[in-house]
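Worksheet: the structure to be examined is printed underneath.
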Amino acid sequence: MSITLPGPTLGVVGGGQLGRMLAEAASPLGVDVVVLDPTPECPASGVARDQIVADFDDSDGIRELAARVDALTFEIELADPDVLAAAGAEHDVPVQPDPETLETIQDKLVQTEALADAGIPVPEFAAVATAEGLERVVEEFDGVMLKARRGGYDGRGNVPVREPEEAADALAAVGGDAMAERFVDFEREIAVMGLKGADGVTRTYPVTETVHREEILRESVAPARADDDVIARAEAVAEDVLEFLDGRGVYGIELFETRAGDVLVNEIAPRPHNSGHWTIEGTRTSQFENHVRAVLGWPLGPTDLVAPAVAANVLGDTEGSRPATLRGVEAVLDAPDADLHWYGKDEARPLRKMGHLTLTDGTADPESTARDALLSRARELRDGLTFRG
């Protein structure tokens, strides 16, 4: 492959914060980005070359996008795989990751069944479509996490069901057909950002510890504060997942570390993921730059750790919706080891992801106590930010 600059134009279905950070990473490579998103002046529009205002599954909009770009990708699972495949074929534009992979991942039951069939470890699960069926599974599993088969993120679409009499209301809350998963007695949640490039090349970023509250990711710690054997298992599982999936790009592989030290796959996202935002400062080549490189078929950048890092999400802390004005920013800017990322959203809402900050440890101390201190400091800086006032 001969690469020249200015480079190609990349089309991205989705123009949220992930699309924004993809465009930020593409620009230094000489790659222009055009995004498609239904929200006028979406977060990515301030960075991308242009935006097409259309729904994520709008056939005409995606065909227009395909006609204007040299390669297509997506930053949201609401993209329609059939429409993407048809638009790519019509305009002879590659779509990465493979739309068939997106189709498999969109349905959590299909995703989990496929992983299990491939011998990849997952929690015990069952398909449920009726309250009576869910009651039986709740009794058998002694409680479950009920998951909507489609959609849902940041805890939306997930309902814990501990007693059989809760079944009918829980099933109604997730909208019918669902997947019931046995509660996992986990030590911690971890994640691996996996990467597939041209000619079957795969790489993984260091295993990351993800800290959730109210089922929303609050902080990511890299490398994870886990034993070496757990790290090795997580890396092996991630490699198996990458071999199982088709298509170039970054994959966010969310995992459970059980109390017994086993590693189970929770969910997979066929795109850059919140768990990997720390890679912007913590590695030589961020997940966003490597996604651009992979989708275009360019050589991949290194994924090894430059410095231990903690990323802390900045969430809306208002009681309702209000114009987004973040206060307390000067403390983050004064910190020599902190980097602030603003997502460009006009409206703050309760627990909405509005940005993140990353702290890196320049001493590169591998001890977990150093990461404890880094996490504490990141929380302190993040908690000093507010949309109230």
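Worth knowing before you read on, the calculation uses all heavy atoms, side chains too, and leaves out hydrogens, waters and symmetry mates.
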Rounded at 0.5 Å granularity, tell me how far [atom1] in [X] sits from [atom2] in [Y].
{"X": "L381", "Y": "L333", "atom1": "CG", "atom2": "CG", "answer": "10.0 Å"}
{"X": "H291", "Y": "L300", "atom1": "NE2", "atom2": "CG", "answer": "12.0 Å"}
{"X": "L305", "Y": "R284", "atom1": "CG", "atom2": "CZ", "answer": "14.0 Å"}
{"X": "Q111", "Y": "I105", "atom1": "CD", "atom2": "CD1", "answer": "5.5 Å"}
{"X": "S27", "Y": "L22", "atom1": "OG", "atom2": "CG", "answer": "12.5 Å"}
{"X": "D177", "Y": "L171", "atom1": "CG", "atom2": "CG", "answer": "8.0 Å"}

Got a salt bridge between [X] and [Y], using NZ or NE/NH1/NH2 to carboxylate O under 4.0 Å?
{"X": "E267", "Y": "K147", "value": "yes"}
{"X": "R382", "Y": "E219", "value": "yes"}
{"X": "D142", "Y": "R182", "value": "no"}
{"X": "R371", "Y": "D361", "value": "no"}
{"X": "R293", "Y": "E289", "value": "yes"}
{"X": "R271", "Y": "E77", "value": "yes"}
{"X": "D372", "Y": "R225", "value": "yes"}
{"X": "E24", "Y": "R20", "value": "yes"}

Going by atom types only, do [X] and [Y] share a side-chain donor-acceptor pair under 3.5 Å?
{"X": "E209", "Y": "S220", "value": "no"}
{"X": "D304", "Y": "Y205", "value": "no"}
{"X": "H273", "Y": "Y251", "value": "no"}
{"X": "Q17", "Y": "K345", "value": "yes"}

Shared hydrophobic cluster for V292 and M21 (ILVMFWY, side-chain gaps under 4.5 Å):
yes

With the 4.5 Å side-chain cut-off for hydrophobic clustering, are L245 and V110 part of the same group?
no

Look at atom CD of E41 and say whether more than 12 heavy atoms of other residues, nucleotides or ligands are closer to it than 6.0 Å.
no

Using a cut-off of 6.0 Å, state whether more than 12 heavy atoms not belonging to E165 lie near its atom CD.
yes

Set out, in order, the CA-CA distance, both residues' side-chain angles and the distance that settles side-chain contact (heavy atoms from CB on, under 4.5 Å) for E215 and N158, then state yes or no.
CA-CA 9 Å; E215 298 191 62; N158 293 354; 3.4 Å; yes

Please go through M145's hydrophobic cluster and name the other residues, only I, L, V, M, F, W, Y counting, with side-chain heavy atoms under 4.5 Å joining them.
F183

Contacts of type side-chain contact (heavy atoms from CB on, under 4.5 Å), residue E347, not counting sequence neighbours:
S321, R349, R352

Do H277 and F288 have ring centres separated by under 6.0 Å?
yes

If you apply the rule side-chain contact (heavy atoms from CB on, under 4.5 Å), what do you find for T283 with T303, and how did you get there?
CA-CA 6 Å; T283 63; T303 57; 5.9 Å; no

Partner of L326 by side-chain contact (heavy atoms from CB on, under 4.5 Å), out of L385, D317, T386:
L385

Quickly, which of D246, V95, L84 forms a side-chain contact (heavy atoms from CB on, under 4.5 Å) with L102? Name it, please.
L84

With side-chain contact (heavy atoms from CB on, under 4.5 Å) as the criterion, how do T258 and L264 come out once you've worked through the C-alpha distance, each side chain's angles and the decisive distance to 0.1 Å?
CA-CA 8 Å; T258 71; L264 306 175; 3.9 Å; yes

What residues, two or more places apart in sequence or in another chain, satisfy side chain to side chain donor-acceptor pair (under 3.5 Å) together with D32?
R49

Worked check of salt bridge (Lys or Arg N to Asp or Glu O under 4.0 Å) between D98 and R248:
CA-CA 7 Å; D98 193 301; R248 302 191 301 270; over 6 Å; no

Start with the C-alpha distance between H91 and E64, add both sets of side-chain angles, then the distance that settles side-chain hydrogen bond (donor to acceptor under 3.5 Å, both in side chains), and finish with yes or no.
CA-CA 10 Å; H91 294 280; E64 178 187 349; over 6 Å; no

As a quick check of understanding, evaluate side-chain contact (heavy atoms from CB on, under 4.5 Å) for L65 and V34, giving each step before the final call.
CA-CA 7 Å; L65 181 65; V34 178; 3.7 Å; yes

